[in-house]
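Read through the structure below, which is laid out as structure tokens, and then see the notes.
The residues of the chain are indexed from 1 along the displayed sequence.
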Amino acid sequence: MRPTEFFSHTTAALLWGLPLPLLVDELVDASICRPERASRGAGVRGRQIDPRLVRVTTRNSLRVTTPASTWACLGTVLSPYDLVAVGDAIVCVRASSGGNGSPAPPPLATLNQLRAAIDAGRRPGVGALRDAFGRIRTGSWSRLETWVRLILIDAGLPEPVLNFDAYDTAGRFLGCIDLAYPDLKIAIEYEGDHHWMTAEQFQHDIDRLNRLVEAGWRIVRITKGHVFTNPTEVVRRVSVARAQRETAR
């Protein structure tokens, strides 16, 4: 790469550790600001970018677009839900008391920085970026949480609370719930592979869910298959839980 080139788009997103769907190709996005000419070569997707539309920094000694600029570059690349999911990951603020005691990393960027990236100038995909911006939340910890939240909202259900810290009547911490309707004591839990990685993690999750049930919470458990291949089942399960809780009031 020339000294003025930098990584952008999906390559930059991967370097920042942002959640992407399976990519359709393995080309490296190597960009340069106009009027310099984009690179060509096997395995490289050379891009020319208006210098007003990107900010460049370094990560692990590599020149790469900033997180906010990276997100803004993806407006023509990602689906609407995944564009929100990447934005969620960039502005994520972990505030739960259910962690291991170590300080949470700061967000990669702020909502104001994402907005500034949208408003930097005319760019491809600006309409998709503006639509996604209004749906970004600082409390989502994973791509799956973002998808579940959007699936429920788009089905007409109320927006759930993300990563809700639940306590019993004595003030004891029960656990952090992926998505919740606290007023109805409904917990929506995503069962991912990480729950099964170790016996200790499996035991921890079983104990956490049992504590919630004993405290009166209704648990709705969903999987990756539900979210990506059968979202109507996600909506059905949550709708049934809400209807039953509202009837019991």
TODO: May I ask you to check whether Ser31 and Gln48 show a side-chain donor-acceptor distance below 3.5 Å?
DONE: no
TODO: Without swapping roles, check the side chain of Lys185 against the backbone of Ala215 for a donor-acceptor pair under 3.5 Å.
DONE: yes
Task: Heavy-atom donor-acceptor pair, Arg143 side chain to Pro19 backbone, under 3.5 Å - done: no
- [ ] Would you mind checking if Glu189 and Arg221 are paired as a salt bridge, meaning a charged N to carboxylate O distance below 4.0 Å?
- [x] no
Open item on the list: I'd like to know if Arg211 and Glu214 make a salt bridge, using a cut-off of under 4.0 Å between side-chain N and carboxylate O.
Closed with: no
Open item on the list: Whether the side chain of Asp168 engages the backbone of Ala170 through a donor-acceptor N/O pair (distance < 3.5 Å, no angle test) should be reported.
Closed with: yes
Task: Side-chain donor-acceptor pair present, Ser8, Asp29, cut-off under 3.5 Å - done: no
TODO: Could you tell me whether Arg55 atom CZ has more than 12 heavy atoms of other residues or ligands within 6.0 Å of it?
DONE: no
Task: From CA spacing to verdict: side-chain hydrogen bond (donor to acceptor under 3.5 Å, both in side chains), Asp82, Trp147 - done: CA-CA 8 Å; Asp82 276 321; Trp147 271 68; 3.1 Å; yes
- [ ] Could you walk me through whether Arg236 and Glu233 pass the salt bridge (charged side-chain N to carboxylate O under 4.0 Å, His left out) test, one step at a time?
- [x] CA-CA 5 Å; Arg236 188 196 70 80; Glu233 179 63 12; 2.9 Å; yes
Open item on the list: Tell me the closest heavy-atom pair linking Ile136 and Val91, and the distance in Å.
Closed with: CG2-CG2, 3.6 Å
TODO: Please round to the nearest 0.5 Å and tell me the distance separating atom CD1 of Ile219 and atom CD1 of Ile186.
DONE: 10.0 Å
Task: CZ/Arg2: more than 12 non-hydrogen atoms of other groups inside 6.0 Å - done: yes
TODO: For Ser69 and Thr65, indicate whether the former's side chain and the latter's backbone hold a donor-acceptor pair under 3.5 Å.
DONE: no
- [ ] Look at Glu246 together with Arg249 and state whether they make a salt bridge at an N to O cut-off of under 4.0 Å.
- [x] no
- [ ] Not counting sequence neighbours, which residues clear ring-ring contact (aromatic ring centres under 6.0 Å, His included) with Phe133? List them please.
- [x] none
Open item on the list: Closer than 4.0 angstrom, basic N to acidic O: yes or no for Arg149 and Glu159?
Closed with: yes
Open item on the list: Tell me whether Arg242 forms a cation-pi arrangement with Tyr181, defined as NZ or CZ under 6.0 Å from the six-membered ring centre and within 45 degrees of its axis.
Closed with: yes
Task: Candidate pair Ser140 and Thr146, rule side-chain hydrogen bond (donor to acceptor under 3.5 Å, both in side chains), full reasoning - done: CA-CA 6 Å; Ser140 181; Thr146 298; 2.9 Å; yes
TODO: Look at the side chain of Thr70 and the backbone N and O of Thr66, then say whether any donor-acceptor pair between them is shorter than 3.5 Å.
DONE: yes
- [ ] Look at the side chain of Glu145 and the backbone N and O of Trp141, then say whether any donor-acceptor pair between them is shorter than 3.5 Å.
- [x] yes
- [ ] List the steps and the verdict of side-chain hydrogen bond (donor to acceptor under 3.5 Å, both in side chains) for Glu5 and Ser39.
- [x] CA-CA 9 Å; Glu5 287 182 297; Ser39 290; 2.2 Å; yes
TODO: Quick one: which residue pairs count as a salt bridge (charged side-chain N to carboxylate O under 4.0 Å, His left out) with a foot in residues 126-136, not counting sequence neighbours?
DONE: Arg135-Asp154
